[in-house]
Amino acid sequence: MKVAVVGAGNVGLATTAALAWVGHEVTCVEADPRRVELLNSGAVPFHEPHLPELLSLVRDRVRFTPSYEEALAGSRVAFVCVGTPQLPDGSPDLSQLRAAACSLGEHLNSEPLVVATKSTAPIGNGSWVAMLVRDAYRRRNGPFTPPFAVASTPEFLREGSALHDALYPDRVVVGTDEPWALEVLRELLDPIVNQTFETPPFLPRPPRAAPVPFVATDLVSAELVKYAANAFLAVRVSFANEVAELAERVGADVGAVLRGIGLDRRVGLHYLEPGVGWGGSCLGKDTAALLSTAREYGLDLLLVEAARAVNDRQRERVVRKLLEELRVLKGKVVGLMGLAFKPHTDDLRDSPSLDLARRLVQRGAFVRGHDPVALPRAR
């Protein structure tokens with residue numbers, strides 16, 4: 001199947017590589033001409049394990065272009081994977097999503113198209129995207145819009161293992177209010193759902209049963225799945241950090257405590273490790289957006305608010321622990337081993353390490369940082 005992917009960031013390139021690997025022909029639209037040139041030369045503009053290798057193996061099925069007209073020619077699905085960064089009030093910046101939807105609308109052709117949003121956007125966003133696509137087409141081409149449908153296909157890709165998650169997902173969620181669009185996406189994603197593709201040599205298939213659970217739902221429910229999933233993970237991390245602080249006070253072994261909790265099959269061990277709190281582009285942004293949406297409907301999400309407060313407190317707690325040990329930070333040299341928000345990535349967005357570095361410098365310390373992957377970008 002011919003597919004368009006809008007946006008050549010972390011999600012867009014992982015989606016492009018995975019769909020091409022399982023047999024589809026993918027054209028990736030990217031507004032930045034320098035990034036298009038870089039990708040067409042075989043390079044990748046950020047660090048993601050195995051992404052350059054997989055893209056090199058599917059070069060005959062992948063094109064990168066700034067042209068929406070070229071990307072939509074013959075495509076049955078257009079995945080929208082542009083960024084939605086957080087604004088100061090906690091709501092997402094939808095300017096890139098607006099531009100993508102309008103460009104898709106301007107270049108619709110006579111073939112039915114499914115516009116599938118992977119960009120994390122406010123709940124109810126699908127109707128807004130549909131309006132933008134429809135209005136953009138009519139402004140340019142007249143009153144009769146070709147058949148199209150909007151779907152939500154939320155991504156659950158972890159930076160550092162994005163290709164693994166794209167090819168071997170825990171679940172596939174598709175939300176749309178149009179039955180024909182659901183069938184198109186079911187056909188497109190069938191090789192991944194049923195795990196019928198040949199495994200890449202450097203990404204072995206994990207020992208789990210096929211098929212992958214396929215969750216088909218309405219548009220709004222799929223949008224809420226993404227936000228709610230990340231909010232729940234944020235709550236788990238903050239819970240682990242609160243238990244760790246209590247364990248420290250009473251003299252308990254927090255590792256044993258959390259393992260004793262996590263081995264309960266109803267709980268699980270993932271995201272149940274204490275540390276300096278979460279960072280990156282997802283948990284903080286998505287919890288803020290979920291709170292913003294809830295407030296629009298007159299709701300207070302107390303658990304999510306508490307999880308964010310604990311996370312903010314955790315970074316200052318690290319500084320307090322240093323002060324307890326060293327008494328004075330002025331003139332002291334502090335080493336930070338790791339600068340990205342997590343291993344195996346060079347993504348510095350909301351990095352706990354960089355936040356700690358600022359707090360330490362404000363107290364007169366000298367900071368030396370090292371990261372095996374992110375050091376060039378950190379400089």
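These numbers come from the heavy atoms of this one structure, side chains and all, not from hydrogens, waters or symmetry mates.
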Minimum heavy-atom separation for C28 and A8, please, with both atom names.
SG-CB, 3.9 Å

Sequence neighbours excluded, which residues qualify as side chain to side chain contact (heavy atoms under 4.5 Å, CB included) partners of D371?
L339, A340, V373, A374

Roughly how far, to the nearest 0.5 Å, is CG of L283 from CZ of F341?
8.0 Å

Can you hop from W128 to L113 via hydrophobic side chains spaced under 4.5 Å?
yes

How many angstroms lie between atom CZ of R315 and atom CG of N311, to the nearest 0.5 angstrom?
5.5 Å

E70 and R63, any side-chain heavy atoms less than 4.5 Å apart:
yes

Tell me whether E111 is salt-bridged to K2, with the criterion being a basic N under 4.0 Å from an acidic carboxylate O.
no

For V77 against A116, the heavy-atom pair lying closest together
CG1-CB, 4.3 Å

To the nearest 0.5 Å, what is the distance between NZ (K226) and CD1 (I123)?
12.5 Å

If the threshold is 4.0 Å, N to carboxylate O, is there a salt bridge linking R359 and E316?
yes

Do V237 and V304 sit in the same hydrophobic cluster, where Ile, Leu, Val, Met, Phe, Trp and Tyr count as joined when their side-chain heavy atoms come under 4.5 Å apart?
no

Given L13 and E48, is the side chain to side chain contact (heavy atoms under 4.5 Å, CB included) satisfied, shown in steps?
CA-CA 10 Å; L13 288 184; E48 178 62 44; over 6 Å; no

Straight-line distance of C282 SG to Q86 CD, nearest 0.5 Å:
11.5 Å

Verify the cluster assignment for L326 and V319: are they in a single hydrophobic cluster under the rule of side-chain heavy atoms below 4.5 Å apart?
yes

Closest heavy-atom pair, R349 versus N10, reported as atoms and distance to 0.1 Å, is NH2-OD1, 4.1 Å

Using side chain to side chain contact (heavy atoms under 4.5 Å, CB included), reason through L356 and V318 one step at a time and then give a plain yes or no.
CA-CA 8 Å; L356 284 172; V318 174; 3.9 Å; yes

Considering only heavy atoms from C-beta outward, does the side chain of P201 approach that of E53 to under 4.5 Å?
no

Would you say the side chain of F46 lies within less than 4.5 Å of the side chain of L51, judging by non-hydrogen atoms?
yes

N241 vs W278 side-chain heavy atoms within contact, under 4.5 Å:
no

Group every Ile, Leu, Val, Met, Phe, Trp and Tyr by side-chain heavy-atom contacts under 4.5 Å, then state whether L348 and L375 land in the same group.
yes

Which heavy-atom pair separates A121 from L97 by the least distance, and what is that distance?
CB-CD2, 3.7 Å

Which atom names give the shortest non-hydrogen contact between V3 and L188, and what distance separates them?
CG2-CD1, 3.4 Å

Without hydrogens or angle criteria, can the side chains of S95 and D93 be said to hold a donor-acceptor pair below 3.5 Å?
yes

Is there side-chain contact between F214 and L185, with heavy atoms separated by less than 4.5 Å?
no

Nearest 0.5 Å, what's the CG-OG1 distance between L94 and T84?
7.0 Å

Residues in side chain to side chain contact (heavy atoms under 4.5 Å, CB included) with D312, at least two apart?
none

Would you say V334 ends up clustered with L323 if hydrophobic residues are merged whenever their side chains have heavy atoms under 4.5 Å apart, either directly or through other cluster members?
yes

Could you go through K332 and E325, starting from their C-alpha distance and side-chain angles, then the distance that decides it, and tell me whether this counts as salt bridge (charged side-chain N to carboxylate O under 4.0 Å, His left out)?
CA-CA 12 Å; K332 297 291 197 303; E325 293 294 328; over 6 Å; no

Only one of V5, V82, V11, V80 forms a side chain to side chain contact (heavy atoms under 4.5 Å, CB included) with K118, so which one is it?
V11

Least distance between heavy atoms, R308 atom then T287 atom:
NH1-OG1, 3.0 Å

Give a yes or no on whether a salt bridge exists between K321 and E324, defined as a side-chain N under 4.0 angstrom from a carboxylate O.
no

Quick one: do D350 and K285 make a salt bridge, cutoff under 4.0 Å?
no

Can you measure from CZ (R76) to CE (M1) and round to the nearest 0.5 angstrom?
4.0 Å

